[in-house]
Amino acid sequence: MKLEKIHEMWAEDCVINPQDVVGASVSTPLLHAKYLQLFSNAKSRMVMLEMKQKKLLKKKWLYYNGKMSKEEIDAEGWDYDPFKGLKILKGDMEYYYEADEDIQRSEAEIKYQKEIIDTLKEIVDTLKWRHQTIGNIIKWRQFEAGN
């Protein structure tokens, strides 16, 4: 699920109608279940992305260290000479890993997924305390009524 979609859903779901605090109170467990499920799914997806990245990093290590066969390189669609004829020192290999587009794409996916997880965690935490907000609305109404 896209982060933008989560933001749209939450913008709609977070609204508490002060005229219907009972409805808001009743809907809280349903909202909690909805976002908890999204949160759990997002965490599972993160595990899959991290495992996928570990496999990619292993392949890239083999590739950059000249330990892949021509057939394996062809299967990946990579260039036969990752260094374009340059002699590279072991200490400089990190620059190639960090600049590798496949690794960068994988890192970006993981960071995006982490942002989704953080957002969903914040929503679930907010829902845990929604009863306080509803209680405050009720107390304010009582105050306005003179009680």
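As a basis for the values below, the full set of heavy atoms in this structure was taken, side chains included, without hydrogen atoms, waters or symmetry mates.
Heavy atoms only, all atoms of each residue included: W78 and M68 are closest at CZ3-SD, 3.7 Å. A pairwise comparison of heavy atoms in Q104 and E98 identifies NE2-O, 3.0 Å as the closest pair. The heavy-atom pair separating I116 from M1 by the smallest distance is CD1-O, 3.2 Å.
Each of M51 and Y112 belongs to its own hydrophobic cluster when Ile, Leu, Val, Met, Phe, Trp and Tyr are linked at side-chain heavy-atom distances under 4.5 angstrom. No chain of hydrophobic side-chain contacts below 4.5 Å, direct or via other Ile, Leu, Val, Met, Phe, Trp or Tyr residues, connects I123 to I16. At a threshold of 4.5 Å between side-chain heavy atoms, the hydrophobic network of Ile, Leu, Val, Met, Phe, Trp and Tyr places I6 and I110 in one connected group. Both L36 and M46 are part of a single hydrophobic cluster, where members link through side-chain heavy atoms under 4.5 Å apart. I117 is connected to L127 through a chain of hydrophobic side-chain contacts under 4.5 Å among Ile, Leu, Val, Met, Phe, Trp and Tyr, so both are in one cluster.
The neighbour count for E101 CD, taken as heavy atoms of other residues, nucleotides or ligands under 6.0 Å away, does not exceed 12. Taking a 6.0 Å sphere around CD of Q37, one finds it holds 12 or fewer heavy atoms contributed by other residues, nucleotides or ligands. Few gaps surround CD on E144; more than 12 heavy atoms of other groups in view lie less than 6.0 Å from it.
Separation of atoms NZ (K34) and CG (L120) is listed at 11.0 Å; rounding is to 0.5 Å. Rounded to the nearest 0.5 Å, atoms CD1 (I103) and CG (L57) are 5.0 Å apart. Residue R130 holds its CZ atom at 8.0 Å from SG of C14, rounded to the nearest 0.5 Å. In this structure, CG in L30 is found 10.5 Å from CG in D13, a value given to the nearest 0.5 Å. Residue D118 holds its CG atom at 13.0 Å from NZ of K111, rounded to the nearest 0.5 Å. Rounding to the nearest 0.5 angstrom, the gap separating the CD1 atom in I137 from the CD atom in Q132 is 12.0 Å.
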Open item on the list: Determine whether E107 and Q53 satisfy the following criterion, side chain to side chain donor-acceptor pair (under 3.5 Å), listing intermediate values before the conclusion.
Closed with: CA-CA 8 Å; E107 284 289 327; Q53 186 184 43; 2.6 Å; yes

Task: Pair Y35-W10, ring-ring contact (aromatic ring centres under 6.0 Å, His included): steps then yes or no - done: CA-CA 9 Å; Y35 287 99; W10 180 239; 5.4 Å; yes

- [ ] Check the pair M93 / W61 against side-chain contact (heavy atoms from CB on, under 4.5 Å), numbers first and verdict last.
- [x] CA-CA 9 Å; M93 289 296 288; W61 183 87; over 6 Å; no

Open item on the list: Under the criterion side chain to side chain donor-acceptor pair (under 3.5 Å), I'd like the reasoning laid out for K70 against Y80: C-alpha separation, chi angles, the key distance, then a yes or no.
Closed with: CA-CA 8 Å; K70 182 181 182 311; Y80 294 120; 3.0 Å; yes

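Counting only heavy atoms from C-beta outward, the side chains of I88 and Y64 never approach each other to under 4.5 Å. For the pair N41/R45, no side-chain contact is recorded, criterion being any heavy-atom separation below 4.5 Å from C-beta on. Using a 4.5 Å cut-off on side-chain heavy atoms (C-beta onward), E122 and F39 make no contact. The shortest side-chain heavy-atom distance between T133 and W129 does not fall under the 4.5 Å cut-off. In this structure the side chain of L38 reaches within 4.5 angstrom of the side chain of M9, judged on heavy atoms. No side-chain heavy atom of T28 sits under 4.5 Å from any side-chain heavy atom of H131. Side chains of K52 and E109 form a contact here, defined as non-hydrogen atoms less than 4.5 Å apart. Residues E72 and Y63 have side chains not in contact (no heavy-atom distance under 4.5 Å, counting atoms from C-beta outward).
Listed for the Q113 side chain is no donor-acceptor partner under 3.5 Å among the backbone atoms of L49. The closest donor-acceptor contact from the side chain of D20 to the backbone of G23 lies under 3.5 Å.
By the 4.0 Å N-to-carboxylate-O rule, D81 lies too far from K84 to be salt-bridged with it. Between R105 and D102, at least one side-chain N (NZ, or NE/NH1/NH2) sits under 4.0 Å from a carboxylate O, which counts as a salt bridge.
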